[in-house]
Chemist: 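A single structure is presented below for examination.
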Amino acid sequence: MARYDTVVLGAGIVGICTALHLQKRGRATALVDRRGAAEETSFGNAGLIQREGVYPYGFPHDFGALLRYGLNRTIDAHYHPSALPRLAPFLWKYWHYSRPARHAEVARRYAKLIEHCVAEHDALAAEADAADLIVRGGWMKIFRTERERDTRFAEAERWRRDFGVEHRQLDAKMLQEAEPYLAPVLAGALHWTQPTRTLDPQALGQAYVRRFEALGGTFLQGNAATLEAEGQGWRMRTATGPLAAGAAVVALGPWADVLTRALGYDLPLAVKRGYHMHYRAAGEAKLNHPVLDVERGYFMGPVRRGIRLTTGAEFARRDAIRTPVQLGRAEPIARDLFPLAERLDTEPWMGARPCTPDMLPVIGPAPLHRNLWFAFGHAHHGLTLGPVTGRLLAEMITGEAPFVDPAPYAASRFA
């Protein structure tokens, strides 16, 4: 039987970074996934490393937005009516934590993680010889009305004051100069200047895995459902045989609840599903920055494969049938704004974002078991916070002083 100090379950970006940071600290680590590295949610995200993302995406409280979502016809949100009875307790808590005063408190805790995201990615990318996969220059929120533009400008000024988030305010003319292929129908843009982005999220994750293996780490295929307690440690089956480990890390993203429930935990977890499609840019058209069409609710960004169009949140059962209606709604609007040519994918890709109702990830020790650790629930910011989470959890496991106070992210907060 192969023996390791730690087994990390889940080879999405959070699990990859956790395994890499443990291996860097001399812990013999196995990274286990049922598939290859970064082939699920970490494959198809928008590719942003969101230094500006100090306020995690909350549940709307204004009546107009609630009415639009209730009609189930928007691009930024969609729901399966059949899923609502099961999702209702989660959504109620999510709404509760999204109330302005509570959301502001969440942001103060969340910002302690977010502020490190660019530096921690840069450090791992340099070690993994993958710096060419990370692009500087930030991204833009684009606006169709002056009212929305000015509201967001004022919000950005508050974030600059409170969290050190830098930005540029672009009027219509400045935006046209920065993005000449966007249709001249916009009132301006908010350019977040500090974030970075990756041209290929999966390739970045795989580069981190190669670095992990170069340091002596082992990547294996196996099913996390086979994990069992053994004395003070853990054992499980893999495709190459059984393994034993002194500690186990659950980094299973949207599947974390499958294992945690089997182990006796009742954590309030849910998923927001999302879709993407790639397009060729028509003619000589070029998109210089990723853009979020704020009032329409979709995102476009240049990646290796082409222009990636991504949708907002779909509230549904994780394994329910795919319903890419948001993508169908977004595509004609995106085509009017930017000259997209043909689709490059045979069918839309779908992923699931793992969410908690208080919008904070779960990072730290499992309350009911020794030598069991949690790292999941990062919602829209799994890529953004992968290296930050990996370093923080590795420091906790190895007894180092954590570089961020881990208390706000403890699973025990849901007791």
Side-chain angles (χ1 to χ4, degrees), residues 43-50 73-78 132-146 148-149 152 168 170-193 195-204 273-314 322-351 383:
F43 172 86
N45 56 65
L48 298 180
I49 300 167
Q50 292 189 252
R73 297 175 183 173
T74 66
I75 296 171
D76 54 338
H78 179 69
D132 60 320
L133 290 173
I134 294 181
V135 179
R136 312 288 162 182
W139 67 282
M140 294 183 179
K141 289 183 176 180
I142 55 176
F143 308 108
R144 294 174 179 266
T145 66
E146 292 182 358
E148 183 69 21
R149 179 198 68 191
R152 299 291 184 160
R168 295 172 59 228
L170 281 62
D171 61 21
K173 181 180 179 182
M174 295 167 67
L175 174 57
Q176 201 64 42
E177 292 173 352
E179 294 291 350
Y181 290 99
L182 292 180
V185 297
L186 301 167
L190 177 61
H191 180 192
W192 298 113
T193 57
T196 57
R197 59 187 172 92
T198 177
L199 298 171
D200 188 331
Q202 183 186 34
L204 185 65
R273 307 198 312 179
Y275 299 84
H276 84 217
M277 174 61 68
H278 292 103
Y279 302 82
R280 182 176 63 85
E284 299 298 319
K286 182 180 180 182
L287 192 61
N288 296 315
H289 302 83
V291 296
L292 172 64
D293 189 345
V294 172
E295 286 129 311
R296 297 295 184 268
Y298 66 89
F299 182 92
M300 285 192 297
V303 296
R304 276 181 169 178
R305 183 161 171 76
I307 302 297
R308 178 173 288 181
L309 176 63
T310 58
T311 64
E314 181 181 64
R322 298 185 180 196
T323 52
V325 296
Q326 293 161 283
L327 196 60
R329 294 167 184 164
E331 183 177 309
I333 299 172
R335 287 187 181 278
D336 285 342
L337 187 66
F338 181 83
L340 298 174
E342 73 277 7
R343 287 185 168 194
L344 300 177
D345 303 323
T346 56
E347 62 181 20
W349 172 89
M350 188 195 79
L383 174 64

Chemist: How would you list, by chain and number, every residue that makes a side chain to side chain donor-acceptor pair (under 3.5 Å) with Arg197, sequence neighbours excluded?
Modeler: none

Chemist: So which atom in Ala330 and which in Tyr298 form the shortest heavy-atom distance, rounded to 0.1 Å?
Modeler: CB-CB, 3.9 Å

Chemist: Let me confirm one number: the CG-CE distance from Asp345 to Met277, rounded to the nearest 0.5 Å.
Modeler: 5.0 Å

Chemist: Output the distance between atom CD (Glu146) and atom CG (Asp171), rounded to the nearest 0.5 Å.
Modeler: 9.5 Å

Chemist: Over all heavy atoms of both residues, which pair between Thr198 and Leu383 is shortest? Give the atoms and the distance, please.
Modeler: CG2-CD2, 3.9 Å

Chemist: Is there a side-chain contact between Leu190 and Phe143 in this structure, where contact means two heavy atoms from C-beta onward sitting under 4.5 Å apart?
Modeler: yes

Chemist: Kindly compute the distance separating CD1 (Ile333) from CD1 (Ile75), expressed to the nearest 0.5 Å.
Modeler: 3.5 Å

Chemist: Would you indicate whether the side-chain heavy atoms of Val303 and Pro290 approach each other to under 4.5 Å?
Modeler: no

Chemist: Step by step, work out the side chain to side chain contact (heavy atoms under 4.5 Å, CB included) result for Leu186 and Arg149.
Modeler: CA-CA 10 Å; Leu186 301 167; Arg149 179 198 68 191; over 6 Å; no

Chemist: Does the side chain of Leu170 come within less than 4.5 Å of Glu177's, by heavy atoms?
Modeler: no

Chemist: Mind listing the closest non-hydrogen atom pair of Gly47 and Pro201 along with its distance?
Modeler: CA-CG, 3.9 Å

Chemist: Are Tyr275 and Gln326 close enough, and set up right, to give a side chain to side chain donor-acceptor pair (under 3.5 Å), and what steps lead you there?
Modeler: CA-CA 8 Å; Tyr275 299 84; Gln326 293 161 283; over 6 Å; no

Chemist: Measuring from atom CG of Leu344 to atom CZ of Arg305, what distance do you get when rounded to the nearest 0.5 angstrom?
Modeler: 5.5 Å

Chemist: Compare all side-chain heavy atoms of Glu179 with those of Ile142 and state whether any distance is below 4.5 angstrom.
Modeler: no

Chemist: What I want to find out is whether Asp293 reaches Arg144 closely enough, with some N-O distance under 4.0 Å, to be called a salt bridge.
Modeler: yes

Chemist: Among Glu342, Glu331, Arg335, exactly one meets side-chain hydrogen bond (donor to acceptor under 3.5 Å, both in side chains) together with Tyr279. Which residue is that?
Modeler: Glu331

Chemist: Atom CZ of Arg296 and atom CG of Leu337: how far apart are they, to the nearest 0.5 Å?
Modeler: 10.0 Å

Chemist: Less than 4.5 Å apart, side chain to side chain, heavy atoms only: is that true for Arg308 and Phe299?
Modeler: no

Chemist: If you round to the nearest 0.5 Å, how far is CE of Met300 from CG of Leu287?
Modeler: 5.5 Å

Chemist: Parallel, tilted or perpendicular, judged at 30° and 60°: which one describes the rings of His191 and His289?
Modeler: perpendicular

Chemist: Any side-chain heavy atom of Trp192 within less than 4.5 Å of one from Leu48?
Modeler: no

Chemist: Which atoms form the tightest heavy-atom contact between Pro302 and Leu199, and what is the distance?
Modeler: O-CD2, 4.2 Å

Chemist: Can you tell if the side chain of Thr311 reaches within under 4.5 Å of the side chain of Arg329, non-hydrogen atoms only?
Modeler: no

Chemist: Is a side-chain donor or acceptor of Glu148 paired with a backbone partner of Val294 at a separation under 3.5 angstrom?
Modeler: no

Chemist: For a quick test of reading the model, state the closest non-hydrogen atom pair linking Ala46 to Thr310 and the distance between them.
Modeler: CB-OG1, 4.4 Å

